[in-house]
Amino acid sequence: MAMGDALNFIEHIVEEDIRTDKNDGRVLTRFPPEPNGYLHIGHAKSICLNFGLAEKYGGLTNLRFDDTNPAAEETEYVESIKEDIQWLGFDWEDREFYASDYFDQLYEFAEQLIRDRLAYVDDSTSEEIAALKGTPTKPGTHSPYRERSVEENLKLFREMRDGIHEEGTKSLRAKVDMASPNMLMRDPIIYRVKKVPHHRTGDKWNIYPMYDFAHGQSDSIEKITHSICTLEFENHRPLYDWFIEKLGIFPSRQIEFARLNLSYTIMSKRRLLILVNEGYVTGWDDPRMPTISGLRRRGYTPESIRDFATRVGIAKRNNVIDLSLLEFSGRSHLNKIANRAMVVLDPIKLVITNYPEGQKEELPAINNPEDETAGSRMLPFGRELFIERTDFMEDAPKKFYRLSPGRNVRLKHAYIIHCEGFVADSNGFVQEVHCTYYPETKSGQDKSGIKSKGTLHWVACDKARDVKVRLYDRLFNEENPLAHEGKDFIEFLNPESLKVIEHAKMEPNIPTEEVGAKYQFLRTGYFTIDKDSASETLVFNRTVTLKDSWKKIQNK
RNA sequence: UGACCCAUGGUGUAAUUGGCAACACAGCAGGUUUUGGUCCUGUCGUUCUAGGUUCGAGUCCUAGUGGGUCAACCA
């Protein structure tokens, strides 16, 4: 069976639910980010899963901000999250919700639990609660406040709401089971005093619900059918179901899948924040960051990210995806859409000694061999050109298909040239390469039969435009920067994750100079125009290199 | 000395729900090529262990082993 139509385990569940007419065959998912940081490629997997599932089964997806902790959350993050989801190509239409929209309802739920003798106000400190909690192997002990009357609990909880009590002095706990082998069931705190203004509700509230008392209830209020989250919430599911049952509300179903891990990458928001705050990168959208905004600035397309999300699959086992898979998805789309351009990153001058001084020529060049509609452009050619320094070798091995004294090579879109010699300085550093060209080998009309093994990119010296090029590489040089005990992940930062070329030589007539435009620099890689570009100087970010089989041969 | 979850090539993910283990990435070899790109072909290599059920087990059962999560008034 081809894997194209194979279902993942969540699709199996959804199809079964549809078959049995659960929820009247309705599918409603949600993407629930906490606005406390920027979205990363792991979130992209979740977004594609949630929106993709709904799309596939004729359902919808809500966007819901899980904003129950005002101490960490900011509007800036809300905006970036919305931008990133839209950029990925998904639409929540008018279904933009916030857990904070439900604070009144959540408060009522809490009072309901109190009235049902299923919640109580605890005066214990955080330390005292921890001490009575027990350990995974030893049951906990009841709090001395566990048996307060409904009236007293109601009174105290309202006082908490009204700001009478200070942070840390009182909390509301669900009365579940202090002996449960599941620590989360040992009378979890569901409301805490927090006298912090909220980015949406301002200073209306002095108390805020905890995740476990907000997430499932929000799902239920929205009548979410399939609430998909990551594996670390598995132990929360009994509590999720407990609240739904005790409150008698719509039974959303929580389903857990394994989060994305990428080799040579870290994915925790906390650690990404460290990289930003301590200046290891230039910001959340630094092209080396695994954030969606970073990948966007790096030059990845939404199509390639979605393709990647499909390829990584959905399952429950912990995984580490090869960075090469992301690169594959990146190249695969860029290959189809990126116009080709000739840019010499590390120039060396090439003089065609038999090309008449002062002669000019314009040679046609196709913009994208993968897309006939992309058209073509004219390339100025002349006696003096720039070629890549790595394309010349004084003493070259047999497998070197490039320029070396006595050898032929094709200049892309132009002529075959023959290397006659070179000029070096006193240190042996090559200054100029001298060649002759065969006029009868002009590209497209060559019937000469003259052979050449390789093809080089080049730029005419007098028409070359200086551009700035940023060569990005992986941010870490360890496959798992977190797996080394006693060592901080910062130690594994790749010192060569960014190399800047101030004066690369670009051909003069590229089709567009818009920020975000994608190019394949012939033979070197895919590049995108960065927002740092000024009108005179374009700045290009390298998204990913081309596959390089010469490099492989060299490494042998 | 707990509960819950997981275990299929180097990396991921599938397997018509008990019936010939496949697809992709990576690797390797070759072909095409005016990009050492793309494309095409071939190739390498997989069911954690031990029992059990069954005509038949990657799939079901038991035990073990290994990994993950849980003792924030974070999500």
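Here the structure is a predicted model, which means the values were calculated and not measured. Proteins get letters first, then strands, A, B, ... in listed order; numbering begins at 1 in each.
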### Query
Does A:Ser443 make a side-chain donor-acceptor contact with the base of B:rU34, cut-off 3.5 Å?
yes
### Task
Examine the base of B:rU34 for any acceptor or donor lying under 3.5 Å from a partner atom in the side chain of A:Arg410, and report the outcome as yes or no.
yes
### Task
Return the orientation label for the A:Phe521 and A:Phe527 ring planes: parallel under 30°, perpendicular over 60°, tilted otherwise.
parallel
### Query
Going by modelled atom types, is there a donor-acceptor pair between the base of B:rA14 and the side chain of A:His12 at under 3.5 Å?
no
### Query
Looking for any heavy atom pair under 4.0 Å, which part of the strands does A:Pro369 touch: base, sugar-phosphate only, or nothing?
base
### Query
Taking atom types as they are modelled, is there a donor-acceptor pair under 3.5 Å from the base of B:rU69 to the side chain of A:Asn235?
yes
#### Entry: Nearest-angstrom distance from the residue atom CD1 of A:Ile387 to C1' of B:rU35
15 Å
### Task
Test the A:Arg148-A:Tyr120 pair against the cation-pi criterion, namely NZ or CZ under 6.0 angstrom from the six-membered ring centroid and within 45° of the ring axis.
no
#### Entry: Along RNA chain B (nearest heavy atom to each residue), the more 5'-positioned of A:Arg402 and A:Ala130
A:Arg402
### Task
Answer with base, sugar-phosphate or nothing: what part of the nucleic acid does A:Ile314 contact at a heavy-atom distance below 4.0 Å?
sugar-phosphate
### Summary
Scanning all shown strands, the Watson-Crick or wobble mate of B:rA75 with both distances under 3.5 Å is none
#### Entry: Selection from B:rC25, B:rG36, B:rC73 that lies nearest to any side-chain heavy atom of A:Tyr401
B:rG36
### Message
Roughly how many Å apart are B:rA15 and B:rA22, using the P atom of each and rounding to a whole number?
### Response
14 Å
### Touch class at under 4.0 angstrom, heavy-atom based, for A:Gln520 against every strand present
base
### Task
Please answer whether the main-chain N or O of A:Phe97 pairs with a side-chain N or O of A:Asp101 as donor and acceptor at a distance below 3.5 Å.
no
### Message
I'd like to check A:Asp212 versus A:His236 (side-chain heavy atoms, cut-off strictly below 4.5 Å). Are they in contact?
### Response
yes
### Query
Atom OH of A:Tyr519 to atom P of B:rU38: distance rounded to whole Å?
22 Å
### Query
Using a cut-off of 4.0 Å on non-hydrogen atoms, how would the nucleic acid contact of A:Gly525 be classed: base, sugar-phosphate, or nothing?
nothing
### Message
Both A:Tyr526 and A:Asn8 contact RNA chain B. Which one's nearest nucleotide lies toward the 5' end?
### Response
A:Asn8
### Message
Suppose you measure atom P in B:rU11 against the same atom in B:rU54; what distance do you get, rounded to whole Å?
### Response
36 Å
### Query
At under 4.0 Å between heavy atoms, what does A:Lys442 touch on the DNA or RNA strands: base, sugar-phosphate, or nothing?
base
### Query
What is the base-pairing partner of B:rU33, counting Watson-Crick and G-U wobble geometry with both distances under 3.5 Å?
none
### Side chain of A:Thr455 (C-beta onward), nearest among B:rC73, B:rA75, B:rG36
B:rG36
### Query
Distance between the C1' atoms of B:rA50 and B:rG9, in whole angstroms?
23 Å
### Length of the CG-C1' vector between A:Leu273 and B:rA75, whole Å
15 Å
### Task
Tell me what A:Leu325 touches on the nucleic acid: a base, only sugar-phosphate, or nothing, going by heavy atoms under 4.0 Å.
sugar-phosphate
### Watson-Crick/G-U partner (both atom distances under 3.5 Å) of B:rG2
B:rC70
### A:Thr68 side chain near B:rA75 phosphate (N/O to OP1/OP2, under 4.0 Å)
yes
#### Entry: Inter-nucleotide C1' distance (B:rG45, B:rU69), Å rounded
32 Å
### Task
Quick one: label A:Lys552 by what it contacts on the DNA or RNA (base, sugar-phosphate, nothing), any heavy atom closer than 4.0 Å.
sugar-phosphate
#### Entry: Criterion side chain to side chain contact (heavy atoms under 4.5 Å, CB included) on A:Asp219 and A:His215, from CA distance to verdict
CA-CA 6 Å; A:Asp219 286 340; A:His215 197 97; 3.4 Å; yes
### Task
Ignoring backbone atoms, test whether A:Lys547 places a side-chain nitrogen or oxygen under 4.0 Å from the OP1 or OP2 oxygen of B:rA26.
yes
### Query
Should B:rC60 form a Watson-Crick or G-U wobble pair with both distances under 3.5 Å, which nucleotide is its partner?
B:rG52
### Query
Are A:Phe157 and A:Tyr107 near enough that their ring centres are under 6.0 Å apart?
yes
### Task
Would you classify A:His215 as touching base, sugar-phosphate or nothing, given that sugar-phosphate means primed atoms plus P, OP1 and OP2, and contacts are heavy atoms under 4.0 Å?
nothing
### Query
Contact class for A:Ile321 vs. all strands (heavy atom < 4.0 Å): base, sugar-phosphate, or nothing?
sugar-phosphate
### Query
For A:Lys194, which contact category applies under a 4.0 Å heavy-atom criterion: base, sugar-phosphate, or nothing?
sugar-phosphate
### Task
In whole angstrom, give me the gap between the C1' atoms of B:rA14 and B:rA24.
11 Å
### Query
With respect to the phosphate group of B:rG12, does any side-chain polar atom (N or O) of A:Arg311 fall under 4.0 Å of OP1 or OP2?
no
### Summary
With syn defined as a glycosidic angle within 90 degrees of 0 and anti as anything else, the base of B:rU17 is syn
### Message
Tell me if the side-chain of A:Arg331 makes a donor-acceptor pair with the base of B:rU38, cut-off 3.5 Å, by modelled atom types.
### Response
no
### Query
Going by the angle between their ring planes, with limits at 30° and 60°, are A:His418 and A:Tyr438 parallel, tilted or perpendicular?
perpendicular
### Query
Tell me: NZ of A:Lys138 to P of B:rA71, nearest whole Å?
17 Å
### Query
How would you label the contact of A:Asp322 with the nucleic acid (heavy atoms, under 4.0 Å): base, sugar-phosphate, or nothing?
base
### Message
On the nucleotide B:rA3, are OP1 or OP2 found under 4.0 Å from the side-chain N or O atoms that A:Thr137 carries?
### Response
no
### Message
Between P on B:rU34 and CG on A:Asp391, what's the gap in Å once rounded to a whole number?
### Response
18 Å
### Task
Between B:rC61 and B:rG18, how far apart are the C1' atoms? Round to whole Å, please.
13 Å
### Query
Contact class for A:Ser124 (heavy atom, under 4.0 Å): base, sugar-phosphate, or nothing?
base
### Query
Does A:Arg389 offer a backbone N or O that forms a donor-acceptor pair with the side chain of A:Asp346 under 3.5 Å?
no
### Query
For the atom pair OG (A:Ser263) and CG (A:Asp322), what is the distance rounded to the nearest 0.5 Å?
5.0 Å
### Message
What's the gap between B:rA75 and B:rU43 when it is taken at their C1' atoms, as a whole Å value?
### Response
48 Å
### Task
State whether the side chain of A:Asn368 and the backbone N or O of A:Lys336 hold a donor-acceptor pair below 3.5 Å, judged by distance alone.
yes
### Summary
By the Watson-Crick or G-U definition, both distances under 3.5 Å, B:rC23 is matched with B:rG12
## Note on the structure
A:Asp67 CG to B:rC74 C1', in whole Å, measures 14 Å
### Message
Looking at the base of B:rG37, is there any donor atom on it, or on the side chain of A:Glu370, that sits under 3.5 Å from an acceptor on the other one?
### Response
yes
### Ring centroids of A:Trp550 and B:rG36 base under 5.5 Å with planes under 30°
yes
### Query
Reckon A:Ser126 touches a base, only the sugar-phosphate, or nothing at all at heavy-atom distances under 4.0 Å?
base
#### Entry: Sugar-phosphate, base or nothing in reach of A:Arg340, heavy atoms under 4.0 Å
base
### Task
Let me know the distance between CG of A:Asp548 and P of B:rA26, rounded to the nearest Å.
14 Å
### Interatomic distance, A:Asn335 CG vs B:rG36 P [rounded to whole Å]
14 Å
### Task
Please give the nucleotide sitting opposite B:rU65 as a Watson-Crick or G-U wobble pair, both distances under 3.5 Å, or none.
B:rA7
### Summary
Using Watson-Crick geometry (N1-N3 plus N6-O4 or O6-N4) or G-U wobble (N1-O2, O6-N3), each under 3.5 Å, B:rU17 is paired with none
#### Entry: Inter-nucleotide C1' distance (B:rU13, B:rC55), Å rounded
31 Å
